[in-house]
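Below you'll find the structure, written out as C-alpha cells, and then a few comments.
Labels below follow one simple rule: chain letters A, B, ... track the order of the sequence lines, proteins then strands, and each chain is numbered from 1. Everything numeric in this text was worked out from a predicted model, so none of it was measured.
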2 protein chains.
Amino acid sequence: MSDLLERLRERGWRLTAQRRVVAEVLNGQHVHYTADEVHALAAERLPEIARATVYNTLSELVALGEVLEVSTDGRAKRYDPNAHHSHQHLICSRCGMIRDVHPEGDPLSALPENERFGFTISEATVTYRGLCPHCATA
Amino acid sequence: MSDLLERLRERGWRLTAQRRVVAEVLNGQHVHYTADEVHALAAERLPEIARATVYNTLSELVALGEVLEVSTDGRAKRYDPNAHHSHQHLICSRCGMIRDVHPEGDPLSALPENERFGFTISEATVTYRGLCPHCATA
DNA sequence: ATCTTGACTTGGACAAAGTCCAATGTAAGC
DNA sequence: GCTTACATTGGACTTTGTCCAAGTCAAGAT
C-alpha cells in the first residue's frame, strides 16, 4: 500500500486526504469497482469527498499506470488496481463478476502484418465470457 | 441486402419504412457506426425517424443475431453488421475507428484449465488497440 | 379494396455515467 | 508560518441510452 503512495509522491503527486482515501480503497482489491462504488467506499471514510474528485483521481491513477480501466460492456467502467501484472479478464455473462486470468502466449503475435492496416498497435486485450460456477447452476 | 430483409421477414419481423432504412444503413458496411451515426444516416433518407426507433431497431437486430454490438470503451456502442463471419477488432485509441481483423489461432485454447475457475466459457474476444494511420501522423 | 388490430413509431421526459468550470481550500517548499 | 500553485468542490452540462403514453400503420382477414 504505502509503496503505491510512495511511488506516487516520487512522481510529484501531491498527497491529499482525498487521493489517499481513493488509493486505499483500490489497493489490494481483487474486485474491480466502478467509479461510483469507489466514491461510496471513499465517502465512508471521508464523507464530503466529491464525485468529481474521485473521477479526477482515478483518471490520474490510470494515466500514471497504477490502475487499469476495464470497460466490460456499455455500463460503467471498472478500475483494476492490479496494473503491474499483465493479465486478461474472465467475465460472467450473467452476474458481471470479473476474474483476472493469465492465458498463455502473446495475442499480439497472432495478428499478421497484412491484417494491421497501417495501425501502430500498442496493446491486445483478451476477454473471456461465460457463466461462473454459481450462475451456471442457478 | 434483400437477403437480410427477407430473413427478417421470415422470422415475423414487421417491415416498416424505419426498419428498412436502418437495416440499409448497416448493411454491407465495413465501418461500425454508433447509434447516433446510424440515426443521422437514416435521417438523410427518412427525415422524421426518431432516435428511439433507431435504438429499438438496433436492439432487435442484435437480439436476432444479425448485428453485433461492440463496446469499445466508455464511449458509445458501435454496431457491426458482419455478424456471420467470426472476427476480432482493431480500434484506434484516438478517434475510435474500428476495423475487422482476423488473427490466427484460437484464443480460447490459450487459457489453461486451471485458469478457468469453473466457468463455462463460451467466447473469447480479442481487441487490438493502437493509432490508425491518420491519427498517428496528425 | 377496406377494415381491423396488434405491433411499431414518436417525442419528450428521464436516467446513468462522466466532464467542465469558477470559486474556494490546502500541501509543501521557502 | 507564508505563499502559491495545485487540488477540491458542487453544480451545471453533455452524452448515451431507456421508458412510456398516445398516435400510426403493415399485413392478414373479409
Side-chain angles (χ1 to χ4, degrees), chain A residues 2 5-6 8-25 32-43 45-64 66-80 96, chain B residues 2 5-6 8-25 32-43 45-64 67-80 94-96 98:
Chain A
S2 46
L5 292 180
E6 238 164 79
L8 294 172
R9 173 177 298 198
E10 273 164 25
R11 301 208 224 167
W13 223 49
R14 194 148 125 189
L15 186 51
T16 66
Q18 291 83 349
R19 287 177 168 180
R20 188 196 308 271
V21 169
V22 169
E24 282 174 6
V25 165
H32 302 342
Y33 294 126
T34 63
D36 252 21
E37 288 165 352
V38 172
H39 179 230
L41 290 164
R45 298 172 168 222
L46 192 67
E48 294 310 311
I49 190 171
R51 257 168 22 96
T53 299
V54 172
Y55 278 103
N56 287 342
T57 305
L58 289 173
S59 301
E60 285 154 15
L61 288 169
V62 170
L64 290 168
E66 295 292 345
V67 163
L68 291 178
E69 223 175 50
V70 185
S71 36
T72 64
D73 47 20
R75 300 148 103 177
K77 290 177 196 163
R78 291 176 177 272
Y79 292 88
D80 178 348
Chain B
S2 45
L5 292 180
E6 239 164 77
L8 295 172
R9 174 177 297 199
E10 274 165 23
R11 301 208 223 167
W13 222 48
R14 190 147 130 192
L15 187 51
T16 65
Q18 290 84 349
R19 287 177 169 180
R20 187 195 311 270
V21 169
V22 169
E24 282 174 6
V25 165
H32 302 340
Y33 294 125
T34 63
D36 252 21
E37 288 165 352
V38 172
H39 178 231
L41 291 164
R45 299 171 167 220
L46 191 68
E48 293 310 311
I49 190 169
R51 251 167 27 95
T53 299
V54 172
Y55 277 102
N56 287 342
T57 305
L58 288 172
S59 300
E60 285 155 14
L61 288 169
V62 169
L64 291 168
V67 163
L68 291 178
E69 219 174 54
V70 186
S71 36
T72 63
D73 48 20
R75 304 191 223 171
K77 289 178 196 161
R78 290 175 178 271
Y79 292 88
D80 178 350
R94 187 167 307 171
C95 69
I98 303 183

| field | Contact summary for B:Thr34 and B:Ala76, nearest pair of heavy atoms | value | CG2-CB, 3.9 Å
| field | Contacting residues from residues 47-54 of chain A, given that a heavy atom lies under 4.0 angstrom of DNA chain D | value | A:Glu48, A:Ile49, A:Ala50, A:Ala52, A:Thr53
| remark: The bend of the helix from C:dA1-D:dT30 to C:dC30-D:dG1, taken between the axes of its five terminal pairs at each end and rounded to 10°, is 30°
| task | With DNA chain D as reference, determine whether B:Ala17 or B:Arg78 sits nearer its 5' end, using the nearest nucleotide of each. | result | B:Arg78
| field | Qualifying side chain to side chain donor-acceptor pair (under 3.5 Å) pairs, either residue in residues 48-61 of chain A, two or more places apart | value | A:Arg19-A:Glu60
| request: Heavy atoms only: give me the nearest B:Ala23-B:Leu5 pair and the separation to one decimal. | output: CB-CD2, 3.9 Å
| field | Shortest non-hydrogen separation from B:Val54 to B:Ala35 and the atoms involved | value | CG1-O, 3.8 Å
| field | Verdict with supporting geometry, B:Tyr33 and B:Arg78, side chain to side chain contact (heavy atoms under 4.5 Å, CB included) | value | CA-CA 5 Å; B:Tyr33 294 125; B:Arg78 290 175 178 271; 5.6 Å; no
| task | With a 4.0 angstrom cut-off to heavy atoms of chain B, pull out the first and last contacting nucleotide of DNA chain C, in 5'-to-3' order. | result | C:dG6 to C:dG11
| said: Would you say that B:Trp13 contacts B:Leu64 through its side chain, given a criterion of any heavy-atom pair below 4.5 Å between the two side chains? | reply: yes
| task | Would you mind telling me which residue lines up with the more 5' stretch of DNA chain C, A:Leu15 or A:Ser59, judged by nearest nucleotide? | result | A:Ser59
| remark: Bounded by its outermost nucleotides with an atom under 4.0 Å from a heavy atom of chain A, the footprint on DNA chain D reads D:dA5 to D:dG10
| Are more than 12 heavy atoms from other residues, nucleotides or ligands located less than 6.0 Å from atom CZ of B:Arg75? | yes
| Passes side chain to side chain contact (heavy atoms under 4.5 Å, CB included), B:Tyr79 versus B:Glu69? Steps please. | CA-CA 5 Å; B:Tyr79 292 88; B:Glu69 219 174 54; 3.5 Å; yes
| request: Would you check if B:Leu8 and B:Leu15 make a side-chain contact, meaning some heavy-atom pair closer than 4.5 Å? | output: no
| task | Locate the shortest heavy-atom distance separating A:Lys77 from A:Ser71; write the atom from each residue and the value. | result | CG-CB, 4.2 Å
| said: Rounded at 0.5 Å granularity, tell me how far CG in A:Leu41 sits from CD1 in A:Ile49. | reply: 11.0 Å
| All salt bridge (Lys or Arg N to Asp or Glu O under 4.0 Å) counterparts of A:Arg45, not counting sequence neighbours | A:Glu24
| task | Report the residue (B:Asp36 or B:Arg9) whose heavy-atom-nearest nucleotide on DNA chain D is the more 5′ of the two. | result | B:Asp36
| query | Quick one: CG on A:Leu68 to CD on A:Glu66, what's the gap to the nearest 0.5 Å? | reply | 10.0 Å
